[in-house]
Chemist: 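Before I ask anything, let me first share the structure, which is written out below as structure tokens.
Numbers restart at 1 for each chain; the letters A, B, ... are given by sequence-line order, proteins then strands. Side-chain atoms are counted along with the backbone in the values below, which use heavy atoms only and exclude waters and symmetry mates.
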2 protein chains.
Amino acid sequence: MAVTLLETTVSDACCAPTSSREPLGASQADSLAHALKAIADPTRLRLVSIIAASTEGEVCVCDLTDPVGLSQPTVSHHLKVLVDAGILSREKRGTWAYYSLVPGGLSSLATQVAGV
Amino acid sequence: MAVTLLETTVSDACCAPTSSREPLGASQADSLAHALKAIADPTRLRLVSIIAASTEGEVCVCDLTDPVGLSQPTVSHHLKVLVDAGILSREKRGTWAYYSLVPGGLSSLATQVAGV
DNA sequence: AGCGAACATCGACGGTTGTCAATGTCTATG
DNA sequence: CATAGACATTGACAACCGTCGATGTTCGCT
């Protein structure tokens with residue numbers, strides 16, 4: 001799948017503080033909505049937040065199930081959604097899978113939201 | 001309902017460029033997710049975009065149905081979701097209803113997203 | 001080789017969501 | 001007052017989503 005989150009597309013690096021110029025097309029709206037749906041969920045927001053707040057910058061699944069109070073398959077499912085959206089990255093090391101933030105992921109999303 | 005979008009809550013005005021310090025609680029995640037769900041939809045993103053790109057800053061429903069290609073009740077439903085989320089505001093003038101952007105709405109959301 | 005631990009995948013179930021047609025409400029106008 | 005127009009609300013339906021238990025897969029250890 002891979003959601004192609006970081007299009008930033010239309011190029012021009014101009015800085016419009018609040019609104020923009022022309023309405024975004026159907027395909028742009030689709031991809032942005034798809035990325036936003038990834039974080040428009042309380043559990044996934046908490047997962048991202050926990051990982052972002054960790055000192056190591058990466059957290060394994062076994063340390064995520066307890067804080068959110070959900071089953072391991074459910075947490076695994078949410079993490080997959082976040083990885084597909086380009087917000088998290090997964091690195092398997094031994095038996096464990098470590099999840100970390102993709103550097104520009106969240107801020108890119110935030111920028112697109114602010115730019116309508 | 002009213003989603004209470006602009007909490008900005010935890011107060012401290014410190015500026016962490018990318019990540020944050022402590023994971024957000026369940027209630028904060030709930031309200032943020034609720035606000036994000038409002039714009040995590042292609043149609044609603046396009047509606048907001050059209051309104052933001054309008055020169056007058058406000059658009060009536062009759063001028064929104066055609067661009068998105070949906071029925072009037074459906075557009076009305078989406079607009080209500082956006083108003084409840086604190087992103088749009090509604091002003092009825094005569095027979096028409098004019099929708100416009102709430103000034104800090106989108107940027108507040110973007111800020112919260114960037115701050116995990 | 002065999003076993004256990006960590007994680008992913010599958011199948012299923014209930015709740016939510018986007019959409020429409022039909023109807024209701026209000027306003028301006030003849 | 002009656003009529004038409006602009007918008008909101010309702011009810012219904014299909015599609016999607018979050019969750020779980022069960023199972024599969026891979027790795028490390030004895």
Chemist: Among residues at least two apart in sequence or on other chains, which ones pass side chain to side chain donor-acceptor pair (under 3.5 Å) with R46(B)?
Modeler: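 Testing R46(B) for side chain to side chain donor-acceptor pair (under 3.5 Å), a comparison that skips the adjacent residues, returns none.
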
Chemist: Along nucleotides 9-14 of chain C, 5' to 3', which nucleotides get a B, which get an S, and which get a -, given that the test is a protein heavy-atom distance under 4.0 Å?
Modeler: B-----

Chemist: Which of these passes side-chain contact (heavy atoms from CB on, under 4.5 Å) with I87(A): I51(A), L82(A), L79(A)?
Modeler: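 Single side-chain contact (heavy atoms from CB on, under 4.5 Å) partner of I87(A) among I51(A), L82(A), L79(A): L82(A).
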
Chemist: So which heavy atom on P42(B) is nearest to which on A29(A), and how close?
Modeler: O-CB, 3.7 Å

Chemist: Apply side chain to side chain contact (heavy atoms under 4.5 Å, CB included) to residues D30(B) and H34(B) and explain how you reach the verdict.
Modeler: CA-CA 6 Å; D30(B) 270 333; H34(B) 203 236; over 6 Å; no

Chemist: Heavy atoms under 4.0 Å, any strand shown: does Y99(A) hit a base, just sugar-phosphate, or nothing?
Modeler: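 Contact class for Y99(A): sugar-phosphate only.
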
Chemist: Do R93(A) and E58(A) sit within salt-bridge range, that is, some charged N less than 4.0 Å from a carboxylate O?
Modeler: yes

Chemist: If you define the side chain from C-beta out and look only at heavy atoms, does anything of R44(B) sit under 4.5 Å from V48(B)?
Modeler: no

Chemist: May I have the step-by-step check of side chain to side chain contact (heavy atoms under 4.5 Å, CB included) for H78(B) and L47(B), ending in yes or no?
Modeler: CA-CA 8 Å; H78(B) 285 308; L47(B) 289 174; 3.6 Å; yes

Chemist: Pairs under 3.5 angstrom only: tabulate donor-acceptor contacts from the side chains of residues 61-74 of chain B to other protein residues two or more places apart or in another chain.
Modeler:
from, atom 1, to, atom 2, distance (Å)
S71(B), OG, T74(B), N, 3.4
S71(B), OG, T74(B), OG1, 2.9

Chemist: Between L79(A) (CG) and dG18(D) (P), how many Å, whole number?
Modeler: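 Result: 13 Å.
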
Chemist: Under the rule for side chain to side chain contact (heavy atoms under 4.5 Å, CB included), what residues qualify as partners of S89(B), not counting sequence neighbours?
Modeler: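 Expected list: S100(B), V102(B).
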
Chemist: Consider only side-chain heavy atoms of I, L, V, M, F, W and Y, link residues closer than 4.5 Å, and tell whether V83(B) and L45(B) are in one cluster.
Modeler: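 Cluster IDs for V83(B) and L45(B) match.
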
Chemist: dC7(D) P sits how many Å from L82(B) CG, rounded?
Modeler: 16 Å

Chemist: Measure the distance from CG on D63(A) to P on dA6(C) and round it to the nearest whole Å.
Modeler: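 Atom CG in D63(A) sits about 10 Å away from atom P in dA6(C).
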
Chemist: Which ones in residues 36-48 of chain B lie close to DNA chain C, meaning a heavy atom under 4.0 Å from one of its atoms?
Modeler: D41(B), T43(B), R44(B)

Chemist: So if I take residues 90-97 of chain B and measure heavy-atom distances to DNA chain D, which residues fall below 4.0 Å?
Modeler: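 Those residues whose heavy atoms fall under 4.0 Å from DNA chain D, taken from residues 90-97 of chain B in numerical order, are R90(B), T95(B), W96(B), A97(B).
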
Chemist: Considering all heavy atoms of both residues, which atom of A97(B) and which atom of R90(B) are nearest to each other, and what is their separation?
Modeler: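 Closest approach of A97(B) to R90(B): CB-NH1, 3.9 Å.
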
Chemist: Using atom NE2 of H78(A) as one end and atom C1' of dC7(C) as the other, report the distance to the nearest whole Å.
Modeler: 16 Å

